[in-house]
Enquirer: 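Let me give you the structure first, and then I'll get to my questions.
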Amino acid sequence: MGNFIYFTIQIMMIVLLAPLVNGIIKKIKALTQKRTGAPILQMYFDLYKLLKKSVVISQTSSWIYHVTPYLVFATALAAALLVPVSTMVTPTSFPGDGIMLIYIFVLTRFFIMLAGLDTGSTFGGMGSSREGMISSLIEPSMLISLFTIGLISKSTSIYQMMSTAKLLEIPLVQPVYLMIFIALLVIIIAETSRIPVDDPATHLELTMVHEAMMLEYSGRHLALMELGAVIKQLVLITLLANVFLPHDQLIHLTGMGALILSLLFYIIKVILLAVLIALIEVNTVKLRLFSVPNLAALSFILSFLGFINYFLLGR
Amino acid sequence: MFILQPDNLFLSNILFYIAAAFFSLLLRKKHKICNILANLLCIAGAFLGILASLGYMISDHEILRLVHFSTSIPLIALDLIIDDLTSFFVLGLSVLVLAVSLYSLGYNTHYYGKRPIGLFNFLYASFILSMFLVMTAGNTIFFFIAWEIMSLLSYFLVVFESEKEENQKAGTLYIIMTHIGATFLLIAFMIMFRYTGSFDILGSSAVIPAAAKNIIFLLLLVGFGTKAGMIPLHIWLPYAHPASSSNVSALMSGIMIKTAIYGLIRFVLLYLNIQHSWWGILILCLGVISAVLGIAYALIEHDIKRLLAFSSIENIGIILIGLGVSFIAFAQHNLFVACIGLMAALFHTFNHMLFKCGLFLGAGAIQYTTHTKDINNLGGLIKNMPATSVFILCFSLAISAIVPFNGFVSEWLTYQSLFINIDLGHAGVNMLYLLAAAALALCGALAAVCFVKLFGISFLGLARSTQAAEAKEVPMPMLLGMGLLAMICLVLGIFPLFLLRIVDKVGLSFTGLSVTDHLQGGWLMAYLPLQVEGNSITPWAFFLALLILILISLVMVRILGGKYRERKYNTWDCGFKELTPRMQYSATGFSKPLRIVFKILYRPGRELKTGEGTSPYFPLSQKYQVSTESIFEKYLYYPIILIMNKFSIKTRLSIQTGSIHMYLLYILITTLALLLYNQLV
């Protein structure tokens, strides 16, 4: 029963928090460009409005097109189940596996790419094709990063990774963790369709990848796709926050107090990382599509160096 | 019951296949009856095969000697044995034969009145029987004979539609490659006999010196590698699989290339007993190369069957990675890791049998109704072929290792076997393991792209040709065959332990170590997670969670958004008059970004031909051509062929002179040399 309540709270947290993180990133971008920008809560209003609107469906599309939004949303939530939100309060046997997490995202991507092809529009095909390239270049480094962190904690379970990191005072000071942190940060930027890999703000055929695939979506379907995307973003940020900046050692309370304090710490960390991502986005330009492999290679080499540093040189 | 003893079931399974072959020749004039009877007999045989192998593996058992006929020639005997390993492969064969024969009941109807269907079914049934014999052969001579029969029959099936030039070429390439492989096997078997004095497959290799074992290992690797389609010995596969008819290519890709995996386990692991860890490292490296290059080549193909053939090379690579890890661990006496690696390899073998066979059947279904194999001519099939499309989607998800299908579980096990093999102590091969894991991740992602392409371009969007627009759903038996395999894929993905416990018995029978203690859960329902040293996944829990979450999202959207209102409209056509199929992405266009990223591999060529008009600004016609190069054929095989050609021309002039005196001289020299050899040795 405890597990069930924990999972429910966690899922609710992530669903409710995810649009906010997106709002913060947008706000910071606006502020650095001397604009006021939309309110931080704008995405909630957008989502609510989209849910109320009627849906326009392409005549060419098939059932794949209808199923994809629900699947995208559900898989994002399933991924959220695998990543512990507050490491202090956790059920005894946590089934979260890092490799499974990666392959759940593959499931999401598989269907989004199919949905892009389903309407028969050129943009959809273009988006799917580019997404295929970027994701397949990013995937090896994502796996190696999780693998190496997993090797240090002797398990691919995300919960184990987090509790091992907890034993170190500040993991980020360790060279291994630092290198893999940067590698994962690059991966997360690419996975969540942000500058420099993809530009979430434009609908310009030269630059868009993720937007192109869901160009035909409207109404509640679009709302689900958007929400799914931000939940995925938050899950990845949570992974980063809890593996590299564990906060349990800072809490010396038990019971309800610990839970609340832990959630508070968690929110602060997520906001900090959101600020970091926003700053990166502000300070870079969108890369040419065929420069993305270099970025992926950078991330791969960093995670590989992390592995070599720990497993061949010994720390 | 006496009748239901596994040995009786195995024997009657053989009899049914023989009957199928016999009756299809007998009734060759009556196409319909012949086809139905032959396939029904095969189905019955396959059903008995499943019962027999399952019954054998579940019960407590010892090695079963099925048939033993000795001949007057010493050492040569017809010898059939059943142990855990053979029984596991027979299980796979029987499941596939069941599905494929069911499918053939419908598929073969397009041969009626056009092709000698009696001959086809005779070849088909005897091909199945020959694979059964390869798996159960009890001595190396009989193994080799069955191996050759299998190769020859599959050659006949490849060139069955012999009037097509591409089939003749494919067949010739296949028969040459397979015989090169067989030669290596024969030499290996002869060296084995030279030291042990016995052909027994279950015998001991203790008397063979270490140096000879290394040579035998390399010979076996080349021999079996050719059959498995291991890069760089893979070149026959992408030609032979598309050439044969779909039910045959399903069997060839599904199970025939796996007999090589059987051979590697049987002879290298069980017979030779891994001596050095470099054996495993070599297999691991070849596996990584095959996996990455296989899927990379599959990605740029737009002929469905060639694409599937290249993807088979990838999957053989994944199996070899598991096998390599297992061999390394055996050499280091790390039995637990070895068992996990072996289990991953065997489980992936079984999974690949299922989904690749299913995909080939699906390709056959597409070809049956549209008469084309080119993805660029298809499109929009999901509306006309709803059932087929669901099955192909299932297989595509399974082969891309996506949860909750069976491909994921075996890849996860492969990852775990790599993972638990890395430790701080062994610095040397750690890097290789990590690179193998990265390669596996790359393969998974590329496979997903590749099968999105296959499914998305051919089933979604608008029809690109009239054949695709007029496609119809295929007959019921074909759907049943595909549906059966799709169902097994899903069930094994959600409840993998059912098969894993069987696979575990294979490992148990020769290491004495059971891994299932670490794989918690019951026979069917894994109520506890699938667990390897603390790392666990719960496929069924994920599946359940996914269903519940989809339900929740449906309810949530309904509550927040109110009633669902929908309006149908065209896809946005960028302001043109209407959307045409020519605006859609083609298969070639879809893979273009990756073709550019990996251009070192494909060496793409582009050519734009312009037909001159009155003005250079208004050309009459334009033709744009994209081409890729096969590096292995160009830089490895063509040079060899050139050298061989030169050499043979030279030898023809100097040895085959046409003068009878010279030939008599050769015979004399040979006789003298042999006499001398006998005197000295």
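These values consider heavy atoms only, across backbone and side chains, with no hydrogens, waters or symmetry-generated copies. Each chain gets a letter, A, B and so on, in the order the sequences are listed, and its residues count up from 1.
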Enquirer: Could you tell me which portion of Phe111(A) (side chain, backbone, both or neither) has an atom closer than 4.5 angstrom to a non-hydrogen atom of chain B?
Expert: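 Side chain of Phe111(A) only, per the 4.5 Å heavy-atom cut-off to chain B.
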Enquirer: Counting heavy-atom pairs under 4.5 Å with chain B, which one of Leu50(A), Leu71(A), Thr119(A), Leu114(A) comes out on top?
Expert: Leu114(A)
Enquirer: Check whether any side-chain heavy atom of Met208(A) sits under 4.5 Å from a side-chain heavy atom of Phe123(A), and report yes or no.
Expert: yes
Enquirer: Sub-3.5 Å donor-acceptor pair from the side chain of Ser553(B) to the main-chain atoms of Phe73(A), do we have one?
Expert: no
Enquirer: Please collect all salt bridge (charged side-chain N to carboxylate O under 4.0 Å, His left out) contacts where either partner lies in residues 106-124 of chain A, sequence neighbours excluded, each pair once.
Expert: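 Qualifying pairs, neighbours excluded: Arg109(A)-Glu131(A), Arg109(A)-Glu139(A), Arg109(A)-Glu191(A).
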Enquirer: Please rank Ser400(B), Gly444(B), Gly380(B) by heavy-atom pairs under 4.5 Å with chain A and give me the top one.
Expert: Ser400(B)
Enquirer: Heavy-atom distance under 4.5 Å between the side chains of Thr68(A) and His221(A), does that happen here?
Expert: no
Enquirer: Can you check whether anything in residues 383-391 of chain B gets within less than 4.5 Å of chain A, heavy-atom wise, and list it by number?
Expert: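 Hits under 4.5 Å: Lys383(B), Val390(B).
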Enquirer: When only pairs under 4.5 Å are counted, which of Arg565(B), Lys453(B), Lys563(B) shares the most heavy-atom pairs with chain A?
Expert: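 Most pairs with chain A among the choices: Arg565(B).
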Enquirer: Quick one: of Gly150(A), Ser135(A), Gly116(A), Ala223(A), who has the most non-hydrogen atom pairs under 4.5 Å with chain B?
Expert: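 Option with the greatest count: Gly150(A).
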Enquirer: Is the distance between the ring centroids of Phe451(B) and Phe455(B) under 6.0 Å?
Expert: no
Enquirer: Among Leu393(B), Thr580(B), Leu440(B), which has the most heavy-atom pairs under 4.5 Å with chain A?
Expert: Leu393(B)
Enquirer: Looking only at heavy atoms and a cut-off of under 4.5 Å, which of Val106(A), Leu151(A), Val292(A), Leu51(A) has the most pairs with chain B?
Expert: Leu151(A)
Enquirer: So which part of Leu462(B) gets closer than 4.5 Å to some heavy atom of chain A, the side chain, the backbone, both or neither?
Expert: both
Enquirer: Please classify the contact of Ser61(A) with chain B as side chain, backbone, both or neither, using a heavy-atom distance under 4.5 Å.
Expert: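 Interface part for Ser61(A): backbone (N, CA, C, O).
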Enquirer: Does any backbone or side-chain atom of Ile552(B) lie under 4.5 Å from a heavy atom of chain A? Answer side chain, backbone, both or neither.
Expert: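 Neither part.
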